[in-house]
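Okay, structure first, notes after.
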Amino acid sequence: MPNKRRRVVTFLCAAMVAAALTPERAAMGADGPAPRIALASTPDRGQVSGGDALLRITTADHDGPVHVEVNGREADGFRRQPDGTWLGLVTHLKNGRNSITAESDGHTSTRTLTNHPSTGPVFSGRQATPFYCETTAFGLAPAQQPHCSAPTKVSYKYRSRLGTFLPLADPDHHPLDLATTTVHGRKVPYIVRVETGTINRAVYETAALYDGDDPTPLRRERGWNGRLIYTFGGGCSGGHHQGDATGGVLNDTFLSKGYAVASSTLNVLETNCGIPVSAEAAMMVKEHFVETYGPVKHTIGWGGSGGAIQQFTLADAYPGILDGIIPIAGFPDPFTLEKSTASDCGLLTRYFAKAGGSFTPEQRDAVTGLLEYNSCVGADNIDTRTATKRCDKAVPLTARWHARLNPGGVKCTMMEAYANQFGRDPETGFAHSTLDNVGVQYGLKALNSKQISPAQFIALNSAIGGYDHTGEPVSRRSEADPQALKAAYRGDLRNSMRLGLRGTPIIDHRLYSDRVPFDVHTAHWSYVTRARLREANGTSANHVIIESELRIAESQTADAYVVESMDRWLTNIEGDGSSRSKQAKVIANKPTGLSDGCYLTPTKRVHTPLTYPASGPCAKKYPLGADPRLRVGEPRAESTLKCALRPVDFDAYRVRFTETEKAQLRKAFPQGVCDYTRPGPGQNERPRTWVDYGNR
């Protein structure tokens with residue numbers, strides 16, 4: 001029998017049962033429930049990594065001792081918390097299944113968890129090879145494929161009174177120009193502990209104020225406010241390399257207020273555009289942070305463009321990693337962007353440069369929907385479709401795909417990042433694709449408003465074409481693979497926004513760039529997101545849009561405001577002890593004074609409902625455009641990757657066609673035209689959270 005005089009909780013944890021939480025088996029007594037074993041370091045799905053885990057045990061008798069065993073061995077080193085629970089870090093877990101038993105006052109619980117190696121994977125599936133290491137870019141030791149692991153390094157920075165971060169060799173030595181900052185009303189030296197290492201084949205970084213003692217999960221750092229900001233980087237590429245940058249952790253706006261910051265190279269979409277890989281990396285890095293610093297009160301996502309895409313998709317498909325998100329200049333998911341702007345604009349700019357040269361600038365704007373046609377040209381420059389255009393310098397030229405010389409070489413397309421989810425075409429070796437424009441009537445709204453003629457409409461749609469599997473333009477339209485479509489919907493990769501986002505606070509910080517030449521981050525995307533939230537959940541009350549110019553954001557005025565607002569929002573939710581649903585709590589606990597609005601100047605913020613089309617006091621400074629798919633009649637939520645089709649119906653147009661033009665239009669659309677009143681192929685797939693791709 002266990003020693004009941006023990007006051008220190010002993011823990012030992014393993015890690016996760018590969019797909020789902022393994023139920024506790026509890027021996028119930030007459031006077032209360034058995035102990036509850038929970039993971040404190042990661043979403044409590046029964047999965048951990050790296051051989052360590054922070055556990056929390058809850059007992060009916062908060063004053064009584066707890067005895068914990070792992071795989072039959074006693075585990076020590078846990079401390080009782082102010083709330084009566086027991087917290088402790090367990091180490092040296094074996095890979096695979098581990099049995100944890102907790103006993104208190106005659107009641108016993110057993111839980112099985114599965115541990116995964118720190119090199120991954122956990123749920124994202126087979127790791128891509130070759131995989132080129134870039135540890136030396138961070139000052140780490142050189143590493144070897146395929147894991148690219150390197151010893152962890154801890155360094156220190158200090159903030160000077162001139163406002164810069166400088167290296168600090170000895171954190172016990174305080175330079176004369178050392179600045180201070182205030183956390184919880186207490187002035188502390190502005191010294192930052194920066195940890196750099198490798199997890200899940202990525203280089204990770206964490207940063208937090210340093211109080212003079214090494215961090216431990218059982219004692220909160222005095223300079224840390226208990227919150228974590230996880231940063232994400234932009235771009236979109238197929239991967240095959242480790243990356244030489246994270247989302248950034250040395251951020252004065254965050255650190256000066258006591259926030260800790262974390263990120264990794266695989267949370268930069270330009271390094272790898274795969275959402276499951278990003279989610280896995282974020283989960284594992286956050287787990288390590290918690291095992292180093294202790295439980296996090298809440299985690300806030302932060303990042304722009306592709307960094308915003310990751311926040312939206314992780315919050316929906318992988319709930320529990322992020323508690324609130326601050327997407328900046330964002331898009332709802334990579335597939336909607338690729339469909340509605342990047343690929344369509346590539347086709348349209350090619351058409352206007354050649355056969356469509358007679359279209360006036362006003363007509364081009366009417367077809368694309370953008371306020372500036374150059375935004376479409378900029379979208380074409382993204383080109384995530386061509387096999388090797390976006391290959392990083394870390395991928396040797398000799399390793400890259402070539403149709404004749406190296407057909408099995410590395411491909412750097414966006415879809416390559418989803419080979420585990422979508423599968424590969426056995427004939428071409430390329431990952432299946434969701435890209436589709438069959439039945440899309442380019443310029444439909446411009447036609448119906450008589451901005452272009454029937455002849456121009458027919459010529460455009462007859463010649464627009466599509467892309468082949470290598471990303472090259474061809475005369476036939478692009479057609480999505482059915483398997484890829486189903487996987488994109490089922491895995492919530494085409495973001496449904498009906499899962500985790502339903503109960504997630506969102507402050508959508510829209511950096512306005514609609515008039516910036518070649519910039520694709522147009523403001524209408526915030527309203528596509530809002531429409532999809534309403535379509536999915538009946539409300540978008542958890543979504544706040546704040547518009548500002550880039551120069552205002554650079555002044556940090558808006559940054560500080562949105563972070564402070566999100567922190568208050570999450571704190572309010574955590575203090576809500578009601579029985580309301582999570583969605584209801586998010587809506588009910590929005591801070592007073594937090595609402596839609598815009599910055600008219602760096603110091604003047606207007607609170608006003610933001611609408612599409614734009615109206616009110618923000619409309620003149622921040623007018624809204626559209627994109628090519630909205631101009632073909634797709635609903636604002638842009639929820640469809642491939643549309644359902646119907647026969648050409650000439651009564652549906654607001655213009656008249658000659659008999660010759662009718663024949664030409666039928667020839668242009670031999671399979672029919674888009675019918676957005678019905679779900680598209682694969683769209684009836686029910687989206688799921690935390691899909692495990694490890695058994696594929």
Side-chain angles (χ1 to χ4, degrees), residues 50 52 89 91 118 133-144 148-184 186-199 202-231 233 242-268 284-294 296 302 556:
D52 303 336
L89 181 70
T91 61
S118 63
C133 309
E134 297 176 84
T135 51
T136 57
F138 295 85
L140 298 177
Q144 299 296 319
C148 293
S149 299
T152 300
K153 179 183 74 174
V154 173
S155 61
Y156 298 88
K157 304 281 186 180
Y158 78 96
R159 185 80 170 177
S160 76
R161 292 174 183 169
L162 295 177
T164 58
F165 286 106
L166 298 173
L168 183 62
D170 181 1
D172 294 327
H173 170 70
H174 289 188
L176 294 177
D177 62 340
L178 172 66
T180 60
T181 190
T182 302
V183 180
H184 296 313
R186 189 170 65 89
K187 187 176 290 187
V188 297
Y190 202 153
I191 297 174
V192 181
R193 178 186 183 272
V194 181
E195 182 178 322
T196 310
T198 55
I199 289 176
V203 176
Y204 74 88
E205 295 179 305
T206 65
L209 291 175
Y210 177 69
D211 66 3
D213 294 316
D214 290 337
T216 167
L218 303 183
R219 178 193 67 84
R220 178 178 293 177
E221 292 280 293
R222 289 185 293 275
W224 179 38
N225 65 12
R227 283 82 162 163
L228 177 65
I229 294 180
Y230 204 101
T231 65
Q242 192 171 37
D244 61 3
T246 69
V249 296
L250 284 178
N251 185 306
D252 176 60
T253 301
F254 306 154
L255 294 168
S256 65
K257 303 300 183 184
Y259 294 96
V261 192
S263 189
S264 90
T265 55
L266 289 182
N267 295 119
V268 177
M284 294 173 73
V285 170
K286 179 180 174 181
E287 177 189 4
H288 172 73
F289 175 85
V290 174
E291 291 165 359
T292 304
Y293 281 89
V296 172
W302 176 273
Q556 298 186 347

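Just so it is clear, the structure is predicted and the values come from calculations on it, not from any experiment. Counting begins at 1 with the first residue of the sequence.
- Of the options L250, N251, V194, a side-chain contact (heavy atoms from CB on, under 4.5 Å) to F165 is made by L250 and by none of the others.
- Shown here for V249 and L255, the closest heavy-atom pair between the two residues is O-CD1, 3.7 Å.
- Screening residues 158-170 for salt bridge (charged side-chain N to carboxylate O under 4.0 Å, His left out), with sequence neighbours left out, gives R159-D252.
- Here the shortest heavy-atom pairing between A143 and T135 reads N-OG1, 3.5 Å.
- Between the side chain of T181 and the backbone N or O of Y190, no donor-acceptor pair lies under 3.5 Å.
- In this structure, the side chain of R227 engages the main chain of N225 through a donor-acceptor pair within 3.5 Å.
- Residues Y293 and W224 share a closest heavy-atom pair of O-CZ3, 3.5 Å.
- For the pair D211 and R219, the salt-bridge criterion is met [side-chain N within less than 4.0 Å of a carboxylate O].
- Closest of all the heavy-atom pairs between P171 and A169 is CD-O, 3.8 Å.
- Closest approach of L178 to P189, counting heavy atoms only: CD2-CB, 3.9 Å.
- Between atom SG of residue C133 and atom CG of residue D244 there is a gap of 13.0 Å, rounded to the nearest 0.5 Å.
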### Task
In sequence, state the C-alpha distance, the side-chain angles, and the governing distance for T292 and T206, and then conclude on side chain to side chain contact (heavy atoms under 4.5 Å, CB included).
CA-CA 10 Å; T292 304; T206 65; over 6 Å; no

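- Within the 3.5 Å criterion, the main-chain N or O of A208 finds no donor-acceptor partner in the side chain of E221.
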### Task
Any chance you could lay out the side chain to side chain contact (heavy atoms under 4.5 Å, CB included) test for I191 and H174, step after step, and finish with the verdict?
CA-CA 9 Å; I191 297 174; H174 289 188; 3.6 Å; yes

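- Interatomic distance, NE2 of H288 versus OH of Y204, reported as 3.0 Å (0.5 Å rounding).
- No side-chain heavy atom of T198 sits less than 4.5 Å from a side-chain heavy atom of C148.
- Summarising the geometry of F254 relative to V261, their closest heavy-atom pair is CB-CG2, 3.9 Å, with the distance given to 0.1 Å.
- Applying the salt bridge (Lys or Arg N to Asp or Glu O under 4.0 Å) criterion to R220, with sequence neighbours excluded, gives no partner residue.
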### Message
Working note: T196 + V203, criterion side chain to side chain contact (heavy atoms under 4.5 Å, CB included); need CA distance, chi angles, decisive distance, verdict.
### Response
CA-CA 7 Å; T196 310; V203 176; 3.8 Å; yes

Which side-chain N or O atoms in residues 150-157 pair as donor and acceptor under 3.5 Å with protein atoms at least two apart or in another chain?
| unit_1 | atom_1 | unit_2 | atom_2 | d |
| --- | --- | --- | --- | --- |
| K153 | NZ | F138 | O | 3.1 |

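- Annotation: salt bridge (Lys or Arg N to Asp or Glu O under 4.0 Å) contacts of E287 (sequence neighbours excluded): none.
- In this structure, S160 OG and D177 CG are separated by 5.5 Å, a value rounded to the nearest 0.5 Å.
- Under the side chain to side chain donor-acceptor pair (under 3.5 Å) criterion, the residue pairs touching residues 253-266 are T231-S263, T253-Q556, Y259-D567, S264-N267, with sequence neighbours excluded.
- With hydrogens and angles ignored, the 3.5 Å screen pairs a side-chain donor or acceptor of R186 with a backbone N or O of R222.
- Under the salt bridge (Lys or Arg N to Asp or Glu O under 4.0 Å) criterion, E195 pairs with R193, not counting sequence neighbours.
- Of the inter-residue distances, the one linking Y158 atom OH with T180 atom OG1 reads 14.0 Å to the nearest 0.5 angstrom.
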